[in-house]
Amino acid sequence: MSTERERLHNLFPDLDFDPEALRAKYRRERDKRIREDGEDQYVEAASEFASYADDDPYADPDFQRDPLDIDIEVAVIGAGFSGLMTAARLKERGITDFKIIESGGDFGGTWYWNRYPGAQCDIESYCYLPLLEETGYMPKEKYSFAPEIFSHTQRIGEYFGLYDNALFQTRVTEVRWQEEGQHWLVSTHRGDTIRAQFVIQATGPANRPKLPGIPGIKDYKGHSFHTSRWDYDYTGGDHTGGLTKLKDKKVAIIGTGATAIQCVPFLGEYAQKLYVFQRTPSPVDLRGNKQTDEEWYRSQGPGWQRARRENFAATLAGQNFGEDLVADGWTDIVRRIGLSLMNRKPDSGDLDMDEIALRSEIADFQKMNEIRSRVDEEVTKPDAAEALKPWYRQFCKRPTFNDEYLATFSRDNVEVIDVSESKGVERITENAVVANGQSYEVDCIIYATGFEITTSVHRRVDFDTLGRDGQSLYDHWSDGLRTLHGLTSHGFPNWFTIGINQNGLSPNMTSMFDDQAMHVGAIIAAVKERGKRVIEATSEAEQAWVDQIVALAGAGTGAAAFLEECTPGYYNREGKSAQANSQNSPYAPGINAFNAVLKEWRDKGDLEGMELS
Ligand code: NDP
């Protein structure tokens with residue numbers, strides 16, 4: 001027996017699978033999907049494809065207003081959760097002279113656009129829906145569906161009186177620093193001239209739909225749309241189903257990520273024929289949603305929501321040695337690793353990093369074996385069941401949770417078309433999707449192909465930001481992100497951004513946004529309190545933060561090495577994470593540690609690394 005096999009046998013004498021065989025299978029499944037063109041395989045929803053992003057099926061198409069020519073204190077760009085939280089936190093501090101500029105017709109961002117049937121948030125509602133204590137709202141279920149989340153954004157808007165500050169159906173076209181007036185000039189497609197002392201960009205990480213660059217995609221003459229612009233006029237029905245207009249339609253859906261998992265059961269129920277074109281299957285775990293227990297909910301004491309969010313983040317980071325409050329599919333794997341370590345035999349010798357890594361891998365194999373067994377239990381067609389099994393480690397792709405998706409493939413009218421060998425759909429023609437040499441004629445193609453999440457920041461923001469001396473933010477960032485705390489950059493006075501750049505990441509996005517919003521609100525309040533007008537990160541402070549991000553990314557959690565072994569996807573830049581610029585990494589120790597850094601910075605009270613004038 002090799003030393004490694006011996007060690008494996010000693011640590012796990014009862015294993016009912018061969019880890020080496022699984023590793024080899026994972027490697028094969030990864031390698032066959034890797035494409036030379038990496039992220040370039042996608043086309044931007046711009047120019048000839050612009051309608052996939054620019055069309056707004058939900059807003060009033062006749063809306064008009066006169067251009068504004070105004071001076072304000074703050075311009076917040078974006079009214080998704082990040083912009084909304086920013087605005088709410090500004091109001092709390094008594095800063096009321098601001099506008100929120102948003103291309104959609106209401107608050108909501110992701111939840112304004114994503115109204116596809118079955119859309120739901122897979123992060124527990126008690127953590128995800130912000131400001132629950134302030135607004136007194138009790139989520140209906142442990143996992144909220146999209147309409148409830150969208151209404152909550154409207155509730156926050158009303159609670160903080162933010163509708164008066166909103167400029168909806170308005171796209172920013174340029175943001176330019178004016179040295180003379182010491183303010184920003186914000187221009188919009190409605191001809192507005194907005195002079196703002198501060199600008200806070202909150203344009204969100206998943207705001208631009210992306211399309212696969214499948215040969216012939218332009219030639220298709222049938223109906224097509226992206227899931228984030230669901231066309232209910234065409235399908236009939238609403239978020240809860242009733243897609244009755246599809247009863248005589250052959251439908252193709254391309255993509256099987258978190259979005260497809262939620263809407264496929266509805267398409268399968270209503271379409272005459274549904275072809276699901278799958279390159280990589282998602283891991284589909286149990287949802288097991290449940291109604292909120294009102295008595296439990298009302299018994300939570302002040303500060304409970306922040307404590308719960310922090311507990312969730314600490315659990316995911318393997319830093320929670322107490323109760324796992326959320327206790328769901330996200331935290332399950334961490335619990336398993338913890339149990340494996342706790343059940344270690346006393347005579348196992350010293351615990352080293354190799355053993356921790358091995359125990360994590362075995363727990364991961366066991367979890368994924370359960371996910372794969374579930375496919376066999378739910379799908380009656382053996383070929384489909386085989387195709388639907390994911391062969392990679394948990395967290396290589398976003399975990400998904402659904403109780404109807406897998407069973408949909410047992411229906412006679414639903415077929416999964418595995419396009420892994422050809423690394424994606426082969427071709428699209430005037431009336432068909434071609435895969436594995438076969439042509440599938442369809443009336444409609446639905447693109448469940450996700451968003452531009454890791455492409456260049458400028459590609460995701462369709463306006464330029466010009467700072468001191470007319471320098472573009474994107475030139476400043478051309479060799480990688482350059483920020484202080486992920487929130488502001490040198491050369492861009494009174495400019496802040498809320499998002500996922502060089503800061504503490506969490507799958508619970510709203511908590512990140514809220515923490516950043518509070519921090520930026522505190523900085524703006526400090527500028528006002530000191531009777532100053534302009535604040536700017538120093539070049540030295542920016543460089544120090546960049547250096548820290550890079551050092552931690554290299555020395556840190558091994559996330560890059562983990563992702564390198566994964567099947568391609570946006571998590572690992574389509575299999576090219578080794579080439580990723582470590583400057584664009586998040587703050588590796590995680591969101592709780594990042595918040596501690598921000599708190600310490602605020603508590604010091606000297607705005608270290610920023611200059612006032
Ligand atoms: P994803 O990017 O996760 O998935 C895109 C899908 O399109 C993948 O299955 C991909 O396959 C497939 N695809 C791309 N190109 C081709 C091609 N040429 N041929 C065939 N298939 C192709 O997008 P989603 O919209 O599903 O999810 C995006 C993100 O939105 C999630 O990761 C999550 O962050 C968020 N989301 C969150 C939800 C929540 O509950 N909180 C729910 C829904 C979405 P492959 O995997 O092989 O690349």
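Counting starts at 1 for both ligands and their atoms, following the listed order. Values reported hereafter were calculated over all heavy atoms of this structure, with side chains retained and with hydrogens, waters and symmetry mates removed.
Interatomic distance, OG1 of T315 versus CG of L325, reported as 7.0 Å (0.5 Å rounding). Going from atom CG of L132 over to atom OH of Y137 covers 9.0 Å, rounded to the nearest 0.5 Å.
Between atom 24 (P) of ligand 1 and the options I428, I149, T280, T259, the minimum heavy-atom separation is to T259. Of the candidates Y571, W111, Y392, Y570, the one placing a heavy atom closest to atom 31 (C) of ligand 1 is Y570. For atom 17 (C) of ligand 1, the choice among K397, Q120, R279 with the nearest heavy atom turns out to be R279. Among T567, I254, I253, L211, the residue whose heavy atom lies closest to atom 21 (N) of ligand 1 is I254. For atom 8 (C) of ligand 1, the candidate residues are I217, T256, I417, T449; the nearest heavy-atom contact is made by T256.
Applying salt bridge (Lys or Arg N to Asp or Glu O under 4.0 Å) to E124 and the options R309, K290, K142 leaves one that passes, K142. Partner of F225 under the ring-ring contact (aromatic ring centres under 6.0 Å, His included) criterion, chosen from W230, F49, W113: W230.
By the 3.5 Å distance cut-off applied to N or O atoms, R398 is counted among the residues near ligand 1. In terms of polar-atom proximity, defined here as any N/O pair under 3.5 Å, V425 does make such a contact with ligand 1.
Contacts of R33 with ligand 1, taken as heavy-atom pairs under 4.0 Å, are absent altogether. Contact annotation for I214 and ligand 1: only side-chain heavy atoms (C-beta onward) come within less than 4.0 Å of the ligand.
The six-membered or imidazole ring of F513 lies away from that of F81, with a centre-to-centre distance of 6.0 Å or more.
Of all atoms in ligand 1, listed by their number and element, those nearer than 4.0 Å to a heavy atom of Y116 are 42 (C), 43 (C).
Side-chain contact annotation: R287 with N289, donor-acceptor N/O pair under 3.5 Å absent.
Summary of contacts: the protein heavy atom closest to atom 28 (C) of ligand 1 is F451 CD1, 3.9 Å.
Contact check for F562 versus C396: side-chain heavy atoms found under the 4.5 Å cut-off.
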